[in-house]
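First up is the structure itself, then whatever we jot down about it.
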Amino acid sequence: MQRVFKTWLTRIGAHVSARAIHRVNAALNYLEVGRWMAAQGFDTSRRVIDRHEIYAQIASELGVQRVLYLEFGVHRGESMRMWSQLLRHPDSQLHGFDSFEGLPEDWTVIDGKGTFSTGGAEPVLSDRRVRFFRGWFADTLPGYTPPAHERLVLHLDADLYSSTKTVLDALEREIVPGSFVLFDEFSDRLHELRAFDEFLRAHPQWRFRLVAADQILARVAFERVS
Ligand SMILES: C[S@@+](CC[C@H](N)C(=O)[O-])C[C@H]1O[C@@H](n2cnc3c(N)ncnc32)[C@H](O)[C@@H]1O
């Protein structure tokens with residue numbers, strides 16, 4: 001980009017709202033996630049409508065196995081409720097991690113620190129297999145020992161790069177072949193996508209397949225295959 005063009009952009013910027021920058025950034029995100037998927041060799045030609053379809057596909061592949069479902073970013077428990085209905089084995093366990101104080105730092109110019117706070121309230125679910133671990137991931141994960149299970153579903157829905165990276169690093173050894181890793185805002189190139197990209201680079205021998213993706217590559221699921 002030529003210097004004169006860069007200078008012109010800065011002058012335009014003086015008249016642009018934060019929301020407009022947010023939209024331009026979102027457009028870049030969608031370009032980048034499409035590029036990244038293709039560069040990694042993930043075929044995204046078949047896309048599903050929404051996250052229900054992605055969850056249902058993973059659940060049908062899991063069948064009646066004893067699953068450990070770990071959710072990072074619970075908020076009001078919407079996705080936890082769906083998984084509680086999808087996982088059929090009575091000894092499956094569903095563990096949800098959240099501060100319940102919202103995001104620990106700004107995510108976008110629109111979604112600042114504290115977004116998604118429930119004021120500390122945990123969702124109430126009647127499923128006795130569900131358990132919540134309240135606090136910042138960096139504080140709760142070091143003392144956490146995953147219970148025995150046949151298959152792992154790791155749901156990363158904390159939006160931020162820092163939070164996602166904390167979880168991937170802490171649970172690295174749990175992500176064995178056959179584990180599913182599910183993202184909710186994967187199309188954000190500076191956050192969940194960046195954290196997973198770094199994770200793949202740190203494990204060049206590990207192979208993942210793309211299990212399912214929604215229309216905008218925000219909700220995507222991978223399975224480690226080897
Ligand atoms: C988008 S919401 C989760 C939505 C939920 N999975 C659903 O589908 O309804 C993101 C959540 O991540 C939590 N969160 C983000 N970073 C965190 C961290 N480092 N430690 C604890 N909680 C965190 C926030 O408190 C927030 O509730």
Side-chain angles (χ1 to χ4, degrees), residues 22 26 29 33 48-59 67-87 93-127 129-144 146 152-172 180-196 198-199 212-222:
H22 181 67
N29 278 338
V33 71
V48 301
I49 296 296
D50 57 24
R51 64 177 178 171
H52 297 85
E53 272 194 69
I54 297 177
Y55 298 179
Q57 182 173 331
I58 296 174
V67 172
L68 175 62
Y69 171 77
L70 301 181
E71 182 171 281
F72 290 86
V74 173
H75 190 217
R76 297 201 184 100
E78 208 177 299
S79 46
M80 184 60 90
R81 273 189 195 87
M82 293 181 207
W83 279 100
S84 145
Q85 286 164 9
L86 285 166
L87 296 177
Q93 297 193 54
L94 299 92
H95 291 173
F97 295 75
D98 204 303
S99 62
F100 299 106
E101 291 174 30
L103 301 177
E105 61 196 59
D106 292 350
W107 174 25
T108 68
V109 290
I110 310 288
D111 307 290
K113 179 177 175 177
T115 298
F116 303 119
S117 173
T118 61
E122 293 177 10
V124 178
L125 276 84
S126 55
D127 186 341
R129 302 172 304 169
V130 175
R131 200 177 146 196
F132 294 116
F133 296 76
R134 174 200 296 267
W136 303 112
F137 304 155
D139 298 330
T140 50
L141 275 171
Y144 176 73
L152 172 72
V153 177
L154 178 59
H155 187 176
L156 295 157
D157 189 5
D159 303 322
L160 297 168
Y161 164 77
S162 58
S163 302
T164 310
K165 183 172 169 49
T166 298
V167 177
L168 286 170
D169 287 350
L171 295 178
E172 177 181 41
F180 289 94
V181 183
L182 174 60
F183 293 90
D184 198 80
E185 291 291 344
F186 194 70
S187 48
D188 192 330
R189 72 191 191 288
L190 303 177
H191 290 277
E192 293 182 12
L193 171 50
R194 178 182 165 205
F196 192 55
E198 289 179 4
F199 186 74
D214 72 357
Q215 306 285 320
I216 59 171
L217 305 183
R219 277 79 185 255
V220 301
F222 301 93

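Order of listing sets the numbers, starting from 1, for every ligand and every atom in it. Values below: all heavy atoms of this structure, side chains included; hydrogens, waters and symmetry mates excluded.
Nearest to atom 20 (N) of ligand 1 among the protein's heavy atoms is Phe137 N, 3.1 Å. Of all protein heavy atoms, the one lying nearest to atom 1 (C) of ligand 1 is Asp159 OD2, 3.3 Å. Protein heavy atom closest to atom 12 (O) of ligand 1, with residue, atom name and distance, is Gly73 CA, 3.3 Å.
Per-residue contacts place Pro104 under 4.0 angstrom from the following atoms of ligand 1 (heavy atoms of the residue considered): 15 (C), 16 (N), 17 (C), 19 (N). In the vicinity of Ser99, heavy-atom distances shorter than 4.0 Å reach the ligand 1 atoms 21 (C), 22 (N), 25 (O). If you number the atoms of ligand 1 from 1 as listed, the ones under 4.0 Å from a heavy atom of Gly135 come out as 20 (N), 21 (C). In summary, the atoms of ligand 1 found under 4.0 Å from a heavy atom of His75, numbered by their order in the structure, are 2 (S), 3 (C), 4 (C), 27 (O). Residue-ligand proximity, Glu78 to ligand 1, at heavy-atom distances under 4.0 Å covers atoms 9 (O). Ligand 1 places these atoms under 4.0 Å from at least one heavy atom of Gly102: 24 (C), 25 (O). Every atom of ligand 1 is numbered from 1 in the order shown, and the set under 4.0 Å from a heavy atom of Arg51 is 8 (O).
A heavy-atom distance below 4.5 Å is found between the side chains of His155 and Tyr55. Under the 4.5 Å side-chain criterion, counting only non-hydrogen atoms from C-beta, Asp98 is not in contact with Arg134. You'll find the side chain of Leu125 reaches within 4.5 Å of the side chain of Pro123, heavy atoms only.
In terms of modelled atom types and a separation under 3.5 Å, the side chain of Ser117 and the main chain of Gly114 share no donor-acceptor contact.
Not a single N or O atom of Leu160, backbone or side chain, sits closer than 3.5 Å to an N or O atom of ligand 1. Among the atoms of Ser79, some N or O lies under 3.5 angstrom from an N or O of ligand 1. Considering backbone and side-chain atoms alike, Asp98 places an N or O below 3.5 Å from some N or O of ligand 1. Of the polar atoms of Asp157, at least one N or O is found under 3.5 Å from an N or O of ligand 1, judged by distance alone. Not a single N or O atom of Gly77, backbone or side chain, sits closer than 3.5 Å to an N or O atom of ligand 1. Polar contact check, Arg76 against ligand 1: no nitrogen or oxygen pair lies under 3.5 Å apart.
Residues Phe222 and Phe196 bring their aromatic ring centres within 6.0 Å. Between Tyr144 and Phe97, a ring centre-to-centre spacing shorter than 6.0 Å is recorded.
With respect to Asp184 and Arg219, a salt bridge is recorded, a charged nitrogen being found less than 4.0 Å from a carboxylate O. A salt bridge does not link Arg51 with Asp214: none of the charged nitrogens is closer than 4.0 Å to a carboxylate oxygen.
Under 4.0 angstrom from ligand 1, there are no non-hydrogen atoms of Asp184.
The nearest non-hydrogen atom to atom 17 (C) of ligand 1, considering only Ser163, Gly96, Pro123, comes from Ser163.
Considering His191, Arg189, Glu198, Glu192 as possible partners of Tyr161, the one that fulfils the side-chain hydrogen bond (donor to acceptor under 3.5 Å, both in side chains) test is Glu198.
For the atom pair Leu217 CG and Asn29 CG, the distance stands at 11.5 Å (nearest 0.5 Å).
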Practice problem: Go through the steps to decide whether Leu70 and Val153 satisfy the test side chain to side chain contact (heavy atoms under 4.5 Å, CB included), and finish with yes or no. | Solution: CA-CA 6 Å; Leu70 301 181; Val153 177; over 6 Å; no

